[in-house]
**Q** 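For reference, the structure I am asking about is given below.
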Amino acid sequence: MRQAGIYSGMFFGGRTGPHLLPLARIKKIMKKSGDNVNMISGESPIVFSKACELFIEDLTRRSWMVTMKEKRRTLRKDDVVSAVMATDIFDFLVSLVSDSTNPLDLTTVKRETLEP
């Protein structure tokens, strides 16, 4: 049987540290993002970690609202796609969520403000 990892505590209310995302991994991603990025200050990964947490939380809440409108209790990929399509601030994700093997009909999606 698989052992619970160090991040499993965050799902049950207990936090293992002040950050939910691993700072070392964020720092690696930051270094790979540009050719001339060699040194990163200690505060930068912390700020990026918090920004990622807020982004994931917002997208999850909006997706959950779509799930609840459909009277379901299981969050699906279609719910995330609907939340992205319905929200202007997620326009940069439209090309990522639209699958080339299963193109989305964007004419049926209505833009609306989803209140968290």
**Q** Taking the side chain as every heavy atom from C-beta outward, state whether Arg73 and Thr67 have any atom pair closer than 4.5 Å.
**A** no

**Q** Kindly check if the number of other-residue, nucleotide or ligand heavy atoms within 6.0 Å of CZ (Arg72) is above 12?
**A**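 Yes, CZ of Arg72 has more than 12 neighbouring heavy atoms, counting only those of other groups under 6.0 Å.
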
**Q** For the atom pair OG (Ser82) and CD (Glu70), what is the distance rounded to the nearest 0.5 Å?
**A** 7.5 Å

**Q** Looking only at heavy atoms, which two atoms of Ile40 and Lys27 are closest? And how far apart?
**A**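 Shortest heavy-atom separation between Ile40 and Lys27 comes out as CD1-O, 3.7 Å.
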
**Q** In Å, rounded to the nearest 0.5 Å, how long is the span from CG of Asp79 to CG of Leu59?
**A** 11.0 Å

**Q** According to ring pair (Phe, Tyr, Trp, His ring centres under 6.0 Å), who are the partners of Phe90, at least two apart in sequence or on a separate chain?
**A**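 With sequence neighbours excluded, Phe90 shows a ring pair (Phe, Tyr, Trp, His ring centres under 6.0 Å) to Phe55, given in chain and number order.
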
**Q** Atom SG of Cys52 and atom CG of Leu20: how far apart are they, to the nearest 0.5 Å?
**A** 11.0 Å

**Q** Going by side chain to side chain contact (heavy atoms under 4.5 Å, CB included), name the residues that satisfy it together with Met68, two or more places apart in sequence or in a different chain.
**A**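 With sequence neighbours excluded, Met68 shows a side chain to side chain contact (heavy atoms under 4.5 Å, CB included) to Trp64, given in chain and number order.
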
**Q** Are Ile29 and Val37 connected in a single hydrophobic cluster, I mean Ile/Leu/Val/Met/Phe/Trp/Tyr linked by side-chain heavy atoms less than 4.5 Å apart?
**A**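 Val37 and Ile29: separate clusters.
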
**Q** Find out if a path of hydrophobic residues (ILVMFWY) with successive side-chain heavy-atom gaps under 4.5 Å connects Val80 to Leu96.
**A** yes

**Q** Answer yes or no: is there a donor N or O on one side and an acceptor on the other, between the side chain of Arg76 and the main chain of Asp78, under 3.5 Å?
**A**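 Checked: no pair found.
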
**Q** Can you tell me how far the CE atom of Met30 sits from the CG atom of Leu23, to the nearest 0.5 Å?
**A** 10.5 Å

**Q** Evaluate the side-chain proximity of Arg61 to Glu57: yes if any heavy-atom separation is below 4.5 Å, no if none is.
**A**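 With C-beta onward as the side chain, the pair touches.
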
**Q** Please report the shortest heavy-atom distance between Ser41 and Pro45, naming the atom on each side.
**A** O-CD, 3.2 Å

**Q** Of Leu75, Asp58, Val84, which meets side-chain contact (heavy atoms from CB on, under 4.5 Å) against Ser63?
**A** Leu75

**Q** Hydrophobic clusters here meaning ILVMFWY residues chained together by side-chain heavy-atom distances under 4.5 Å, can you tell me if Leu21 and Leu54 are in one?
**A** no

**Q** Please report the interatomic distance CE(Met85) to CG(Asp91), rounded to the nearest 0.5 Å.
**A**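 CG of Asp91 is found 9.0 Å from CE of Met85.
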
**Q** Starting from Val94, can I reach Ile89 by hopping between I/L/V/M/F/W/Y residues whose side chains sit under 4.5 Å apart?
**A**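 In one cluster: yes.
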
